[in-house]
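Working notes, structure below.
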Amino acid sequence: MSDLEQKTRYNPSEVEPRIVDRWLESGIFHPEPEGTAAENYSIAIPPPNVTGVLHMGHALNNSVQDCLVRRARAKGRRTKWIFGTDHAGIATQTQVERELKSLGTSREELGRDQFVARVWAWRERYGYQIVEQLKRLGASCDYQEERFTLDPAYADAVLKVFVDLYEKGYIYRDRYMVNWDPGSRSAISDLEVEDREVTDTLYYVDYPLESGSGAITVATVRPETMLADVAIAVNPQDERYRRLIGETAILPLVGRRLRIIADDYVKTDFGTGALKITPGHDPNDFEIGRRHGLPHPSVIGEDGRITDEAPERFAGMTVAEAQDGVVAELREQGLVSRIESYDHTVPFSHRSGERVEPLISLQWFMRMDELAKPAIEAVRSGRVRFFPQRWAKVYLDWMENIRPWCISRQLWWGHQIPVWYRDGDTHVGTEPPDGEGWERDPDVLDTWFSSALWPFATLGWPEQTSELKAFYPTDALVTGRDIIFLWVARMVMQGLEFMGEVPFSDVHITSIIQAPDGRRMSKSLGTGIDPLELINGGERPPVFETGGTFPAYGSDAVRWGLLVMSSGQDVRFSEDKVAQGQQLTNKLWNASRLILLRVDPGVRADVRPKTVEDRWILSRLARARQEVGGRIERYDFARAALELYDFVYGELCDWYLELVKPRLYEGDADTAATLLHVLTETLAMAHPLIPFVTEEIYSYIPGAEGLLAGRVDPGFPGERDEQAEAALADAITAVQAVRAWRDSAEVRPSAVLPARLAASGYTELEGQLARLTRLELDGSNGGSDVAAVAAVPVPRGAVEILASEHVDVGAAERKQSAKRAELTAEIERAQRKLDNPGFVHKAPAQVVQGERDKLAALKTELEAL
RNA sequence: GGGCGCGUAGCUCAGUGGGAGAGCGCUCGCUUCACACGCGAGAGGUCGCUGGUUCGAGCCCAGCCGUGCCCACCA
């Protein structure tokens, strides 16, 4: 134990990796699948992208989950944190394609099989990075049962779900307008589209009437799409155009005849009131086209270039080139009557960042309305609860207006759709059809389709495994609000559909941590902060104006800091909070050193209170244990973290350890036993929040067995002791009052002053009061004969300071008069309140009495001055 | 256009009906035998604005101002 002597600072870099190894070797993170889900506790991790790296969102999210999971273990529940990674279709494919490009090749050149093999190799190379990072963070996942969304068993589950839903009529294939992402050259779902504010040019274009009597003017921000116009629509009520309905206009540059049709969709007070209809390239026009039975030619291809359905001179151009070309020709012909700058929102691909091209395409869709019904009911009835609650409304609003989901993606990395075609025949099944000539659908499923099965597919479904019985449904889901629709909602729907039970009962939506300057944390913006740089030390990114490097804060500090930052609101990252966490670990370390270096190695932790301060700390510990544990269970991690900090600093270290030092130095066995008990229970209480330092200290506690991470809480936290709490509260107030007075009287800190205690109720604590304030209260300095030079008010009386060379009476007096004014004001306020009949009659008796007591106390204090 | 948040000490944030809080920063003082990543003592807030409800409002209600996010098919 001699090494403790040397280590005056806690060094997380040395300790934490060692502790991780001990945990992993112990096997305590892997529960055997026994019992039922109702008895056990489980959480399914939001699977990180297999080739991803840990970012701040992961760090927070997993700190939260680890806190819950460690708390559950301490309560003695069989606990499983279901672990694994996601194949992340687009993200992973994009990474590999980028590499191919740098090598001068492409996926097309490699061919599908080669390419997919290449992605698997990529996964082998980078897939363990994030796993190791989670271990470093201290996340106590069941790493022995790691899942991957492309594992053979998982893939079987995905295909089975597809086939089942197809057979139920929920999944169908349709030629429909989709969001085409030219970046990934795939369709994407509505949820993967983000609107961005863009300044475009609005062109007013004259379309000549066939009759030769003038023209009809339309406004458009996308003149290039006019090449696919099939009609012009006006509102049937619009007096300006009513006579033109049924007439024909001529599409400039193309020469196509466009019927002028009437549709209520068209706003009379917007643009020119005449709308060009391009069903192939605009979602609204597509709907209008359907209503009017119009064709929907396409002039923009999936490669983002103009097709040969357009006049030959435009074919092959990019969209931007085509726009320039079209506008130039229209200008030449004098058909652009006006242009103006126009701000509006435009869809962009969330993944590739490219402007989404609405295209008509043959895709697989999933009808969601039937599946949504029970999922809505599950939240309405409270079988699934959101924390904070307001997110339930967000979920419900979306669910109630749910639309079909485009589930096919034109990628190669993912679950290939289990559908085969031959001539006009279609085979849908988990196995390929018999016979020759069948061709499999080349598309893969949206990654979220497989993620939606995560809580049960990870446990062996569709087999009826003991894992499923033991751990489904899970207890909590912890995630960010950005994937409530993408993931949470879909898990609820699929869980209900295939397991007949919700996948989790609680959904905790975490805060989002922004960069210190308030911007979104993002790699591309340069605003990201790498959690591992905080843990291990590293260069401060440019978002920090201070520059320099992070000290190696350690995981505990980062975890504590993140938890205390995330009280439910979005919050700016604050390095100070991480530093505060580090100080907490160091404080706990040193408090433990004080105890462990002084207690006799033969002593064992036990509850053997001898004094009022012993009873006080036991009472405060009981309160803190209840508070910290309760806060964690209510998903109030910020408060749990602060409660812990306040107990360790404000009660254990500032007061109890100071009070108990003399007895500790004397080697009193009862004191040592009680101290060990308090320390052990403090460590246990703190462990879910700061697991490393607590585990490390625990290993030094005499008689402590096994790992703290595997220790089951003894349960009942103990009784509160009101009498001891009141006595110490007064003593603390008194000590602080005397210290403040000493400071104001400019008394040297080391000087011992003769004084007299003229207050009641301090018998048990008089000696401590004297020691902590450096007063001599034993009466040997003259007793009642000597005149007091000052009186320091304390609860129920005063401490009278006797004449001494150390006292600067003048300085003290100046301070005292300020204090007197303050007291007088407060007395007046309390008196006024009590003089108010409304208050006395209507306020609760307890409150009125409290005010009376306060007034009396204030008066006593003023008198003592 | 609709919805949900937020505006409290110089900074980052707690605080949901009864005497305004924390961390950091700042001031003063301490090499007190666990910790100078420490200890003790302080300074510093018309709780965005305006009304209302209440005996009592940072907290509840209404409006306004500022700010952020989500949803939504106005060319």
Side-chain angles (χ1 to χ4, degrees), chain A residues 4-5 8-10 195 202 218-222 233 265-267 269-278 282-288 342 344-345 347 358 388 390-391 393-394 397-398 401 481-482 484-485 512 514 516 518 520 551 553 557 561 564-565 567-577 579-598 638-639 642 645-646 653-654 657-658 661 664-665 735-736 739-744 746-750 772 774 815 826 829-830 833 836-844 846-848 850-851 854 858:
Chain A
L4 268 186
E5 191 83 55
T8 59
R9 282 185 188 183
Y10 174 64
D195 287 334
L202 186 61
V218 300
T220 179
V221 290
R222 301 204 57 196
Y265 169 80
V266 185
K267 305 281 181 293
D269 57 355
F270 196 85
T272 63
L275 181 62
K276 75 187 204 51
I277 301 300
T278 320
D282 182 280
N284 300 313
D285 293 6
F286 182 75
E287 293 299 331
I288 294 170
Y342 185 66
H344 65 149
T345 57
R390 64 174 185 273
W391 296 110
K393 185 175 152 49
V394 174
D397 285 349
W398 183 76
N401 298 295
R481 59 153 184 264
D482 49 331
I484 290 176
F485 309 143
I512 288 180
Q514 303 162 335
R520 197 167 59 85
Y553 285 113
V564 87
M565 272 179 244
S567 52
Q569 301 302 330
D570 290 355
V571 71
R572 297 180 183 204
F573 178 82
S574 158
E575 188 181 343
D576 286 344
K577 292 293 193 291
Q580 195 182 346
Q582 187 199 24
Q583 281 164 359
L584 174 63
T585 59
N586 192 56
K587 193 71 173 173
L588 205 50
W589 174 253
N590 277 296
S592 304
R593 284 178 64 238
L594 169 67
I595 297 167
L596 295 167
L597 289 170
R598 299 281 179 164
R639 290 285 288 278
L642 283 174
Y645 183 93
D646 287 345
C653 293
D654 286 355
L657 293 182
E658 294 304 326
K661 266 179 187 174
L664 177 63
Y665 293 156
V735 169
Q736 287 173 330
R739 282 175 175 167
W741 177 86
R742 287 182 62 118
D743 210 54
S744 70
E746 292 170 11
V747 179
R748 275 212 337 270
S750 57
L772 294 179
R774 300 223 176 189
K815 197 78 186 181
E826 281 205 55
R829 199 198 57 80
K833 208 165 177 181
N836 178 350
F839 175 73
V840 179
H841 289 126
K842 294 190 181 175
Q846 219 181 336
V847 174
V848 177
E851 201 66 26
K854 191 197 299 171
L858 287 168

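Hydrogens, waters and symmetry mates play no part in the numbers below; they use all other heavy atoms, side chains included. Order of the sequence lines sets the chain letters (A, B, ...), proteins ahead of strands, with each chain counted from 1.
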Could you give the distance separating [M] and [N] at their [atom1] atoms, to the nearest angstrom?
N: rG63(B); M: rG3(B); atom1: P; result: 11 Å
N: rA43(B); M: rA20(B); atom1: C1'; result: 16 Å
N: rU46(B); M: rA9(B); atom1: C1'; result: 14 Å
N: rG15(B); M: rA72(B); atom1: P; result: 31 Å
N: rG42(B); M: rC49(B); atom1: P; result: 30 Å
N: rG19(B); M: rC64(B); atom1: C1'; result: 32 Å
N: rG58(B); M: rG45(B); atom1: C1'; result: 11 Å
N: rA62(B); M: rC4(B); atom1: P; result: 11 Å

Contact check, side chains of [X] and [Y], non-hydrogen atoms, under 4.5 Å:
X: Thr220(A); Y: Thr278(A); value: no
X: Ile512(A); Y: Arg520(A); value: no
X: Lys267(A); Y: Leu275(A); value: no
X: Lys393(A); Y: Asp397(A); value: yes

Counting primed atoms plus P, OP1 and OP2 as sugar-phosphate and everything else as base, spell out the protein contacts along [range] at 4.0 Å heavy-atom distance: B, S or - for each nucleotide, 5' to 3'.
range: nucleotides 70-75 of chain B; result: -SSBBB
range: nucleotides 38-46 of chain B; result: SSBSS----
range: nucleotides 14-19 of chain B; result: SS--BB

Exercise. Please tell me which of the listed nucleotides, rG23(B), rG3(B), rC35(B), lies nearest to the side chain of Lys393(A)?
Key: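 Among the listed nucleotides, the one closest to the side chain of Lys393(A) is rG3(B).
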
Nearest-Å distance, [atom1] ([X]) to [atom2] ([N])?
X: Asn590(A); N: rA36(B); atom1: CG; atom2: P; value: 7 Å
X: Arg593(A); N: rA36(B); atom1: CZ; atom2: C1'; value: 14 Å
X: Leu596(A); N: rA34(B); atom1: CG; atom2: P; value: 13 Å
X: Gln582(A); N: rC24(B); atom1: CD; atom2: P; value: 12 Å
X: Glu575(A); N: rC37(B); atom1: CD; atom2: P; value: 16 Å
X: Ile484(A); N: rG5(B); atom1: CD1; atom2: C1'; value: 13 Å
X: Ile512(A); N: rG5(B); atom1: CD1; atom2: C1'; value: 12 Å
X: Phe573(A); N: rG23(B); atom1: CZ; atom2: C1'; value: 14 Å

Which part of the nucleic acid, if any, lies within contact of [X], taking any heavy atom under 4.0 Å across all strands shown: a base, the sugar-phosphate backbone alone, or nothing?
X: Arg598(A); value: sugar-phosphate
X: Glu658(A); value: base
X: Tyr665(A); value: sugar-phosphate

Minimum heavy-atom separation for Pro749(A) and Arg742(A), please, with both atom names.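 Pro749(A) and Arg742(A) have their closest heavy atoms at O-NH2, 3.3 Å.
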
Looking only at heavy atoms, the pair that brings Val218(A) and Thr272(A) closest together is CA-OG1, 3.7 Å

Look up atom CD in Gln583(A) and atom OH in Tyr553(A), then write down how far apart they are to the nearest 0.5 Å.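 Taking CD in Gln583(A) and OH in Tyr553(A), the distance rounds to 9.0 Å.
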
> Between Asn836(A) and Ala591(A), which is nearer to the 5' end of RNA chain B once each is assigned its nearest nucleotide?
Replying inline: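 Nearest-nucleotide comparison on RNA chain B picks Ala591(A).
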
Contact nearer the 5' end of RNA chain B, comparing Asp576(A) with Arg9(A)
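So the residue in question is Asp576(A).
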
When both hydrogen-bonding distances must be under 3.5 Å and the geometry is Watson-Crick or G-U wobble, what is [N] paired with, if anything?
N: rC24(B); value: rG10(B)
N: rC64(B); value: rG48(B)
N: rA43(B); value: none
N: rC69(B); value: rG3(B)
N: rC59(B); value: none
N: rC74(B); value: none

Are Arg739(A) and Leu772(A) close enough, and set up right, to give a side-chain contact (heavy atoms from CB on, under 4.5 Å), and what steps lead you there?
CA-CA 9 Å; Arg739(A) 282 175 175 167; Leu772(A) 294 179; 4.2 Å; yes

Listed by chain and number, what are the ring pair (Phe, Tyr, Trp, His ring centres under 6.0 Å) partners of [X], not counting sequence neighbours?
X: Tyr342(A); answer: His344(A)
X: Tyr645(A); answer: Trp560(A), Tyr649(A)
X: Trp741(A); answer: none

Taking the basic N atoms (NZ, or NE/NH1/NH2) and the acidic carboxylate oxygens, is any pair closer than 4.0 Å for Arg829(A) and Glu826(A)?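 Looking at Glu826(A) together with Arg829(A), the answer is no, because their closest N to O distance does not fall below 4.0 Å.
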
- prompt: Is any side-chain N of the basic residue among Asp570(A) and Arg481(A) closer than 4.0 Å to the acidic one's carboxylate O?
  reply: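 A salt bridge is present here (some side-chain N lies under 4.0 Å from a carboxylate O).
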
task: Considering just the side-chain nitrogens and oxygens of Arg390(A), establish if one lies under 4.0 Å of OP1 or OP2 belonging to rC4(B).
output: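 No, Arg390(A) has no side-chain N/O under 4.0 Å of OP1/OP2 on rC4(B).
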
**Q.** N or O in side chain of Tyr645(A) less than 4.0 angstrom from rG21(B) OP1/OP2
**A.** no

Report yes or no: is the cationic atom of Lys842(A) (NZ for Lys, CZ for Arg) under 6.0 Å from the centre of the six-membered ring of Phe839(A), at an angle within 45° of the ring normal?
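Ring-cation test returns no.
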
